[in-house]
Amino acid sequence: MEMLTIGAFAKASRLSPKALRLYDELELLRPARVDPETGYRYYAPEQLEQARLVAWLRRLGMPLAGIREVRALEPAAAAREIRAFWARIESETASRRDLAAFLVDHLSRTVRGDRNDPSFPGNPSEDTTMLELRYSALSDTGLVRPANQDTAYAGTRVLAVADGFGSGGAPASSAAVEALKFLDHEPLPAGSVLNLLEDAVQGATQAVQEVAGPTNEIGTTLTAMVWTGSQLALVHIGDSRAYLLRDGGLFRITHDHTMVQSMLDEGRLTPEEATAHPQRALLLKALTGSGPAPDLDVRLHDALVGDRYLLCSDGLSAVVPEATIRDTLAAASTPTEAAQALVGAANDSGGPDNVSCVVADLVNAEPE
């Protein structure tokens, strides 16, 4: 059989020798023969089409596992798989486009500071309609774990989910949430709510440290929102999440503090590769018993009548696709119905972890 050297094959396939060596290391395109003495790679002419296909699929952004699968299929089946992959990409792109539009609008109002805009913080509004939260919290052990280390809470002002880990995970998550509950009954001046929330989080950190002792093997995530009467103040650390359902679109308003998320941010993983990464649950930040208090994400969010918020542990987000979460939130008539349906969806997907959901609707207050 006539064989091509790696240089000749690179020229014929219009790929660099470096790319061919990478495809070999990734097991995407093995040489037909490797010289046992020199280690020099040789390719068969019929591998040219395979090389081009791998290059094209990489340019599409297809993850390695997907490329291996496509290469093993007959042309018709491979075409269907590529079509399905691209449909998923377009759907995700549309979702990110909506999120970008939401963020641009939100940040533009904040930066512009339009004093004629009633939604600008601190401005009086001609519309004096009072708003309030309608809420529900639900936590479930799931189908695999022997005990529930999550804590979920919903009150008049405070919404919170904490996901404990380690031998004292349950007391840690409970302590973190308990430290925030006093905000349900405190006056919350709009100008100082973030300061109050940061003080409360310091209390939560100390409470977790008392439970955990001098170890980072016991701790908890914490994702919480506090309603001021016009805005929601958010505090977040770990990989529990907060979502906003607005006008039929689902927006994630927290950023996971995990190793996999950092690799996604750096472009070292694709979203498809991240879902199957063996260390996808490894936290970079959490409330633990050791080290200095970590930096938490703390900020204000504008709120509109009709908004529906979801706070959840990764027992939901790790097993239920965001499209299903969006559809479930949109279909439920009440927060209680939504929380029950989401926990049910997690358990229908195997329930591998504890799952907690807090769902809250922003509505016009009923007259007293």
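Just so you know, these numbers use all the heavy atoms, side chains as well, and skip hydrogens, waters and symmetry mates.
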Salt bridge or not between Asp314 and Arg241? Use side-chain N to carboxylate O under 4.0 Å.
no

Checking side-chain hydrogen bond (donor to acceptor under 3.5 Å, both in side chains) for the pair Asp184/Thr156: CA distance, chi angles, key distance, verdict?
CA-CA 6 Å; Asp184 253 343; Thr156 306; 4.8 Å; no

Is Asp35 reaching over with its side chain to a backbone N or O of Glu37, donor-acceptor style, under 3.5 angstrom?
yes

If I compare all heavy atoms of Leu342 with all of Leu310, which pair ends up nearest, and what's the gap?
CD1-CD1, 3.8 Å

Passing option when His257 is tested against Asp297, Asp295, Asp239, Thr221 for side-chain hydrogen bond (donor to acceptor under 3.5 Å, both in side chains)
Asp297

Is the backbone N or O of Leu304 less than 3.5 Å from a side-chain atom of Asp307, with the two atoms forming a donor-acceptor pair by type?
yes

Does CD belonging to Glu217 count more than 12 external heavy atoms closer than 6.0 Å?
no

At their closest point, which heavy atom of Thr220 faces which heavy atom of Phe165, and how far apart are they?
N-CE2, 3.4 Å

List the atom of Ala10, the atom of Ser16, and the distance in Å for their closest heavy-atom pair.
CB-C, 4.1 Å

Any donor-acceptor pair under 3.5 Å from Thr254 side chain to Ala242 backbone
yes

Take the angle between the ring planes of Phe9 and Tyr43 and call it parallel below 30°, perpendicular above 60°, tilted in between.
parallel

Do we see a donor-acceptor contact under 3.5 Å between the side chains of Ser139 and Asn148?
yes

If we ignore angles and hydrogens, is there a donor and acceptor under 3.5 Å between the side chains of Ser173 and Thr151?
yes

Closest approach of Thr328 and Ala338, non-hydrogen atoms and distance?
CG2-O, 4.5 Å

Main chain of Leu131, side chain of Asn364: is a donor-acceptor contact present, judged purely on distance under 3.5 Å?
no

Report yes if the side chains of Leu250 and Leu329 come closer than 4.5 Å at any heavy-atom pair, otherwise no.
yes

Testing the 3.5 Å rule here: is there a donor-acceptor pair between the side chains of Gln149 and Asp163?
no

When every non-hydrogen atom of Phe251 is compared with those of Arg246, the smallest separation belongs to CE1-O, 3.9 Å

Return yes if a side-chain donor-acceptor contact under 3.5 Å exists between Glu322 and Tyr243, otherwise no.
yes

Flag if over 12 foreign heavy atoms under 6.0 Å of NZ, Lys181:
yes

Residue pair Ala204 / Leu222: nearest heavy atoms and the distance that separates them:
CB-CD2, 4.5 Å

Within 6.0 angstrom of Asp247 CG, more than 12 heavy atoms from elsewhere
no

